[in-house]
A.B. asks: 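Take this structure, written in structure tokens, and hold onto it; I'll ask about it next.
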There are 2 protein chains.
Amino acid sequence: MARLTHMAREGKAPDGRSSRWDAHREVRRAELVDAAVRAIDAHGPDVGVASIAAEAGVSKPVLYRYFADKDELYAAVGQWGADEVMDRLLAAILTEASVRDRVERGVDAYLGAIEEHPNVFLLLVRHRTGHGDPLADGKARIAATFARVLGDTLRELGVDAAGAEPWAEGLVGLGLATGEWWLSRQTMTRTAVGRYLTAFVFHALEGTAAELGVPLSALDAPGLVPDSVSPITRRS
Amino acid sequence: MARLTHMAREGKAPDGRSSRWDAHREVRRAELVDAAVRAIDAHGPDVGVASIAAEAGVSKPVLYRYFADKDELYAAVGQWGADEVMDRLLAAILTEASVRDRVERGVDAYLGAIEEHPNVFLLLVRHRTGHGDPLADGKARIAATFARVLGDTLRELGVDAAGAEPWAEGLVGLGLATGEWWLSRQTMTRTAVGRYLTAFVFHALEGTAAELGVPLSALDAPGLVPDSVSPITRRS
DNA sequence: CCATAGCCGTTACCGCCAGTAACAGTTAAG
DNA sequence: CTTAACTGTTACTGGCGGTAACGGCTATGG
């Protein structure tokens with residue numbers, strides 16, 4: 001993390017001159033992320049730091065007070081995008097409906113979200129955090145949430161839950177790749193991609209569940225899901 | 001494409017002084033790609049051009065005689081990797097066996113391939129060609145082959161084939177994401193990931209086929225596949 | 001037989017862009 | 001009234017992708 005001066009003080013007597021900025025820093029950082037999002041929307045996922053700074057009405061060194069390097073800034077944008085997507089996706093999924101319907105609504109919510117900020121989405125697809133920290137980039141964040149939901153559900157049902165992680169990662173990759181293809185080629189309407197993607201995902205889930213000996217209808221009640229979700233998706 | 005001097009001559013009277021190099025150039029280019037692969041294997045997917053040149057025992061300008069820019073070089077490496085993967089994958093898939101078995105063998109062949117050159121694989125996952133040419137990077141190459149196979153199969157069966165492309169892209173994304181997760185975390189044995197990935201893919205295919213009104217057993221004979229594959233995968 | 005066309009390869013440079021140094025001003029806490 | 005944190009600037013460094021400009025080798029063409 002980019003650290004401002006006061007972090008050098010090692011937790012000794014709390015000095016008001018330091019703490020009075022705590023709130024400010026957060027909001028400022030958010031503003032900068034916002035500016036970065038605007039810049040990326042406008043100039044594509046490969047904008048230079050200079051352009052982002054300009055969009056924020058600020059010079060580079062200011063930016064570097066809040067983000068250690070470009071990677072960290074991009075990671076923050078990625079998380080912003082991931083939250084954007086997950087907020088809608090979860091809202092669509094955590095409803096009372098058949099699994100098929102929930103998948104369909106989730107997929108549509110997802111496609112709608114990435115359609116609004118295609119460039120940010122591309123960033124999310126491409127960015128890899130250097131220092132292997134999961135949760136650092138948006139993609140990993142989404143995968144972690146999926147893994148958690150899947151894992152909890154499987155454990156709840158008393159079946160082998162080890163597949164949760166690979167499946168979560170795979171699902172994310174599936175969605176990202178389909179989304180990227182759709183956005184960059186625009187050769188198919190949103191509802192059409194949605195239909196195909198929904199079918200694919202649903203059948204993968206359905207068949208896998210069946211193989212584990214669980215009738216899919218056991219999942220029609222979404223009761224257990226919210227708890228396992230909140231701690232990760234919500235912004236800190 | 002990177003072009004050497006003789007390309008400036010616009011196809012006029014064939015001069016032996018030009019054509020005598022034709023064979024040489026190809027082999028040389030291949031050597032350089034090989035060197036790049038070695039360099040990437042050794043130093044990760046973010047090697048500098050200088051290191052690649054060094055590995056090839058050559059200075060940068062030489063490299064740039066064969067590749068217009070870093071992107072083109074990386075694209076060539078990506079294609080190399082894609083071919084490496086597809087050769088094995090197709091060999092495993094185009095056999096007489098149940099669909100499930102073929103998927104399983106394909107998945108295992110795939111995992112084996114990426115295990116041998118993890119860094120090249122990472123490059124393949126990450127690299128995006130700038131100038132939107134499909135087939136330029138390895139990922140797109142694989143997706144195109146999948147799309148072709150799926151599309152031909154669906155058309156052969158007389159059902160809606162429009163899903164071939166999104167499904168192909170999605171499948172590739174699914175595989176790449178799972179592979180990347182597995183390689184970078186190494187928290188699961190190859191056979192285990194293979195099992196989970198196989199189940200997921202198989203059920204997606206099976207369920208989707210069923211939804212289209214096709215019994216999956218109709219696909220157990222792999223007769224039609226080879227033709228649609230060769231023109232794309234084979235190296236020119 | 002020598003000019004020519006293409007290759008071989010080098011060193012030394014340019015230009016871009018991420019990241020930094022150094023400096024000056026402001027505001028509120030101690 | 002000092003001090004700690006912010007505000008912000010301009011102008012630099014350093015790495016790396018890419019290029020210019022040079023000289024030498026070998027086989028084809030007339």
Side-chain angles (χ1 to χ4, degrees), chain A residues 1-29 31-32 35-36 39 43-75 77 127 130, chain B residues 1-29 31-32 35-36 39 43-75 77 127 130:
Chain A
M1 294 286 284
R3 278 301 124 234
L4 303 180
T5 3
H6 88 294
M7 282 307 266
R9 313 179 65 259
E10 44 232 32
K12 314 202 79 175
D15 188 330
R17 283 173 298 186
S18 166
S19 52
R20 82 163 158 129
W21 296 102
D22 291 354
H24 175 63
R25 260 186 272 108
E26 240 176 89
V27 30
R28 196 81 204 286
R29 190 174 154 117
E31 283 172 14
L32 293 176
H43 306 108
D46 295 323
V47 230
V49 174
S51 308
I52 296 180
E55 175 71 42
V58 148
S59 63
K60 278 196 293 169
V62 175
L63 217 51
Y64 280 99
R65 293 222 179 86
Y66 294 88
F67 303 93
D69 52 14
K70 193 184 178 179
D71 241 50
E72 195 176 303
L73 171 55
Y74 274 39
V77 173
H127 184 73
Chain B
M1 295 285 284
R3 278 300 124 234
L4 303 180
T5 1
H6 88 294
M7 283 307 267
R9 315 180 64 260
E10 44 233 31
K12 313 201 81 178
D15 189 330
R17 284 173 297 188
S18 168
S19 54
R20 80 163 159 131
W21 296 103
D22 291 353
H24 175 62
R25 259 187 271 108
E26 237 177 271
V27 31
R28 195 82 204 283
R29 189 174 156 118
E31 282 173 14
L32 293 176
H43 307 109
D46 295 323
V47 231
V49 174
S51 308
I52 295 181
E55 175 70 42
V58 146
S59 63
K60 277 195 295 170
V62 174
L63 217 53
Y64 281 99
R65 293 224 180 86
Y66 294 88
F67 303 92
D69 53 14
K70 194 185 178 178
D71 241 50
E72 193 175 305
L73 171 55
Y74 274 40
V77 173
H127 184 73

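All values below come from the heavy atoms of this structure, side chains included, with hydrogens, waters and symmetry mates left out. Residue numbers start from 1 in every chain, and the chains themselves are labelled A, B, ... in the order their sequence lines are given, proteins ahead of strands.
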A.B. asks: Side-chain contact test, heavy atoms from C-beta onward, threshold under 4.5 Å: evaluate it for B:Y66 versus B:E72 and give yes or no.
C.D. replies: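 A side-chain contact is absent here, since even the closest heavy-atom pair is not under 4.5 Å.
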
A.B. asks: Between C:dC17 atom P and A:H43 atom NE2, what is the distance in whole Å?
C.D. replies: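 Atom NE2 in A:H43 sits about 13 Å away from atom P in C:dC17.
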
A.B. asks: Do the side-chain N or O atoms of A:S59 get closer than 4.0 angstrom to the phosphate oxygens (OP1, OP2) of D:dT9?
C.D. replies: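 Answer is yes, contact under 4.0 Å.
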
A.B. asks: Between B:E31 (CD) and C:dC8 (P), how many Å, whole number?
C.D. replies: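 It works out to 10 Å between those atoms.
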
A.B. asks: Can you tell if the side chain of A:Y64 reaches within under 4.5 Å of the side chain of A:L73, non-hydrogen atoms only?
C.D. replies: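 Side chain of A:Y64 against side chain of A:L73, heavy atoms only: no contact under 4.5 Å found.
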
A.B. asks: Let's see if you can work this out: which of C:dT20, D:dG18, C:dG9 has an atom nearest to the side-chain heavy atoms of B:V62?
C.D. replies: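 Between C:dT20, D:dG18, C:dG9, the one nearest the side chain of B:V62 would be C:dG9.
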
A.B. asks: Distance check needed: D:dT19 P versus B:E72 CD, whole Å only.
C.D. replies: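 One finds 12 Å between P of D:dT19 and CD of B:E72, rounded.
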
A.B. asks: With a 4.0 Å limit, can you tell me whether A:R28 has a side-chain N or O closer than that to the phosphate oxygens OP1/OP2 of D:dT7?
C.D. replies: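 Checking A:R28 against D:dT7: at least one side-chain N or O falls below 4.0 Å of OP1 or OP2.
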
A.B. asks: Which whole-number value in Å describes the distance from B:Y74 OH to D:dG18 C1'?
C.D. replies: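 Going from B:Y74 (OH) to D:dG18 (C1'), I get 14 Å.
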
A.B. asks: How long is the line joining CG of B:D69 and P of D:dG18, in whole Å?
C.D. replies: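 Value for this atom pair: 5 Å.
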
A.B. asks: Check the phosphate of C:dG6 against B:H24, side-chain N and O only, distance under 4.0 Å to OP1 or OP2. Yes or no?
C.D. replies: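 So the side chain of B:H24 is outside the cut-off, no N or O lying under 4.0 Å from OP1 or OP2 of C:dG6.
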
A.B. asks: To the nearest Å, how far apart are B:R65 CZ and D:dT19 P?
C.D. replies: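 It is 12 Å, rounded to the nearest whole Å.
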
A.B. asks: For a quick test of reading the model: is some side-chain N or O of A:Y66 closer than 4.0 Å to OP1 or OP2 of D:dG8?
C.D. replies: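 A:Y66 to D:dG8 OP1/OP2: no side-chain N or O under 4.0 Å.
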
A.B. asks: How long is the line joining NZ of B:K60 and C1' of C:dT10, in whole Å?
C.D. replies: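 One finds 13 Å between C1' of C:dT10 and NZ of B:K60, rounded.
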
A.B. asks: With a 4.5 Å cut-off on side-chain heavy atoms, are B:Y74 and B:D69 touching?
C.D. replies: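 The answer is no; the side chains never approach within 4.5 Å.
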
A.B. asks: Given C:dC7, D:dG17, C:dA18, identify the nucleotide with an atom nearest to the side chain of B:Y64.
C.D. replies: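 Closest of the options to the side chain of B:Y64: D:dG17.
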
A.B. asks: Taking atom CD of A:E55 and atom NE2 of A:H43, what is their separation to the nearest 0.5 Å?
C.D. replies: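 Rounded to the nearest 0.5 Å, the CD-NE2 separation comes out at 7.5 Å.
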
A.B. asks: Let me confirm one number: the CZ-CZ distance from A:R65 to A:R29, rounded to the nearest 0.5 Å.
C.D. replies: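 Interatomic distance, A:R65 CZ to A:R29 CZ, rounded to 0.5 Å: 15.0 Å.
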
A.B. asks: What integer distance in Å separates B:D46:CG from C:dA18:P?
C.D. replies: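 It is 16 Å, rounded to the nearest whole Å.
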
